[in-house]
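Every chain is numbered from 1 and lettered A, B, ... according to where its sequence line falls, protein lines coming before strand lines.
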2 protein chains.
Amino acid sequence: MSDLLERLRGRGWRLTSQRRVVAEVLDGEHVHLTADEVHARAARRLPEISRATVYNTLGELVSLGEVMEVATDGRAKRYDPNAHRPHQHLVCASCGTVRDVHPTGDPLADLPAAERFGFAVSAVEVTYRGLCPDCARARA
Amino acid sequence: MSDLLERLRGRGWRLTSQRRVVAEVLDGEHVHLTADEVHARAARRLPEISRATVYNTLGELVSLGEVMEVATDGRAKRYDPNAHRPHQHLVCASCGTVRDVHPTGDPLADLPAAERFGFAVSAVEVTYRGLCPDCARARA
DNA sequence: TCTTGACTTGGACAGCGTCCATCGTAGGAT
DNA sequence: ATCCTACGATGGACGCTGTCCAAGTCAAGA
């Protein structure tokens with residue numbers, strides 16, 4: 001945690017209370033929160049924090065590579081604090097929860113040059129979809 | 001084309017001019033249009049068609065399995081008329097265009113049971129990201 | 001302590017999508 | 001060919017997510 005704040009300060013971040021709270025929220029829970037959920041949790045500690053600041057801070061954390069943006073559906077983006085270890089996502093089709101998973105193999109290597117159509121391919125996202133144990137049970 | 005309309009009629013669809021036009025737009029161009037793009041193209045043939053109808057019709061086509069919904073970024077969903085042949089997507093990080101690609105390998109096999117956390121995994125989406133030739137050129 | 005420019009604020013705004021009351025019409029029935 | 005009626009279309013209001021901006025605030029170096 002203080003690691004994160006130290007890294008950010010080292011990159012020239014001005015360390016405001018708002019940024020500190022957002023970083024603490026993300027670092028505290030290793031779940032995948034939406035921007036509004038981050039805002040709600042941050043506001044519990046710092047009631048006047050504005051939505052715009054949360055969006056700004058999240059955007060900065062993403063471009064610094066400290067946090068990953070995850071768009072699993074057409075709804076709100078989610079923010080993944082586990083940006084340093086490569087991983088993929090497993091999403092429940094019913095309740096929407098997201099788990100980090102670590103598949104074997106390298107999907108980038110599975111895309112032959114002939115299938116790249118001149119794109120400069122730089123990243124792959126793999127999203128596994130299914131029913132989580134709770135939802136599968138509720139549906140049975 | 002008439003295949004699609006026949007299938008839909010066989011499933012009890014009331015065949016209105018609006019639905020016909022939406023189906024024709026999707027079937028005509030094998031690109032991945034947003035709902036608004038579908039609406040614009042449909043309106044060229046049927047000027048009074050409403051956005052709500054386009055959304056309704058797209059939603060019905062999706063739940064009938066005739067069209068796939070693709071949420072590649074936090075922006076508008078895109079609709080993929082190529083729902084019958086399995087494939088993955090290659091997305092331009094700058095302009096958002098989507099191409100179908102056919103990688104080798106089976107990503108489902110790359111997720112060991114120990115990494116499934118009890119989920120009944122039923123599908124995998126692989127999204128390759130990069131810059132398309134046009135955007136790469138514009139950025140140089 | 002002072003200064004300054006980076007940061008925050010809150011409200012307006014834009015894009016995407018949904019909802020709803022009302023009107024229109026496809027297609028079976030006669 | 002005409003009638004009926006339930007299903008579908010309409011369009012405008014609304015909600016959610018996210019961006020932008022002008023004005024005010026404050027972290028941190030001098």
Subject >> Carboxylate-amine/guanidinium proximity below 4.0 Å for Arg99(B) and Glu115(A) >> reply: no
Subject >> Nearest-Å distance for atom pair CD/P, residues Glu37(B) and dG17(C) >> reply: 11 Å
**OP:** Verify, without hydrogens or angle tests, whether Arg116(B) (side chain) and Leu111(B) (backbone) share a donor-acceptor contact under 3.5 angstrom.
**Re:** yes
Original post:
Counting just side-chain N and O atoms, does Gln18(A) come under 4.0 Å of either OP1 or OP2 of dT9(C)?
Top reply: yes
Subject >> Candidates Leu4(A), Leu26(A), Asp27(A) - the one meeting side chain to side chain contact (heavy atoms under 4.5 Å, CB included) with Glu66(A) >> reply: Leu4(A)
**OP:** Could you pick out which residue, Arg14(A) or Asn56(A), lies toward the 5' side of DNA chain D when each is mapped onto its nearest nucleotide?
**Re:** Asn56(A)
**OP:** Just compare dT10(D), dA28(D), dG27(C) and give me whichever is closest to any side-chain atom of Leu15(A).
**Re:** dA28(D)
Subject >> Electrostatic pair Arg19(B)-Glu60(B), nearest N-O below 4.0 angstrom >> reply: yes
**OP:** Mind calculating the distance between CG (Leu8(A)) and C1' (dC7(C)) to the nearest angstrom?
**Re:** 15 Å
**OP:** Report which part of the nucleic acid Ala52(A) touches: base, sugar-phosphate, or nothing (heavy-atom distance under 4.0 Å, all strands).
**Re:** base
Original post:
Using the ring of each side chain (for Trp, its six-membered ring), is His32(B) parallel, tilted or perpendicular to His89(B), with breaks at 30° and 60°?
Top reply: perpendicular
**OP:** Report yes if at least one side-chain N or O of Tyr55(A) is closer than 4.0 Å to OP1 or OP2 of dG18(D); otherwise report no.
**Re:** yes
Original post:
Which listed nucleotide (dG17(C), dT10(D), dG10(C)) is nearest to the side chain of Lys77(B)?
Top reply: dG17(C)
Original post:
Want to settle it: does Arg78(B) or Ser17(A) sit nearer the 5' end of DNA chain C, counting the closest nucleotide to each?
Top reply: Ser17(A)
Original post:
Of the nucleotides dG5(C), dG8(D), dT10(D), which has the atom closest to the Glu48(B) side chain?
Top reply: dT10(D)
Original post:
Can you find a side chain N or O atom of Thr16(B) that sits less than 4.0 Å from OP1 or OP2 on dA9(D)?
Top reply: yes
Original post:
Nearest to the side chain of Asp36(B) - dA26(C), dT10(D), dC16(C)?
Top reply: dC16(C)
Original post:
Can a donor-acceptor pair under 3.5 Å be found between the side-chain atoms of Arg51(A) and the base atoms of dG18(D)?
Top reply: yes
Original post:
Should Ser50(A) be listed as having a side-chain N or O under 4.0 Å from OP1 or OP2 of dG10(C)?
Top reply: no
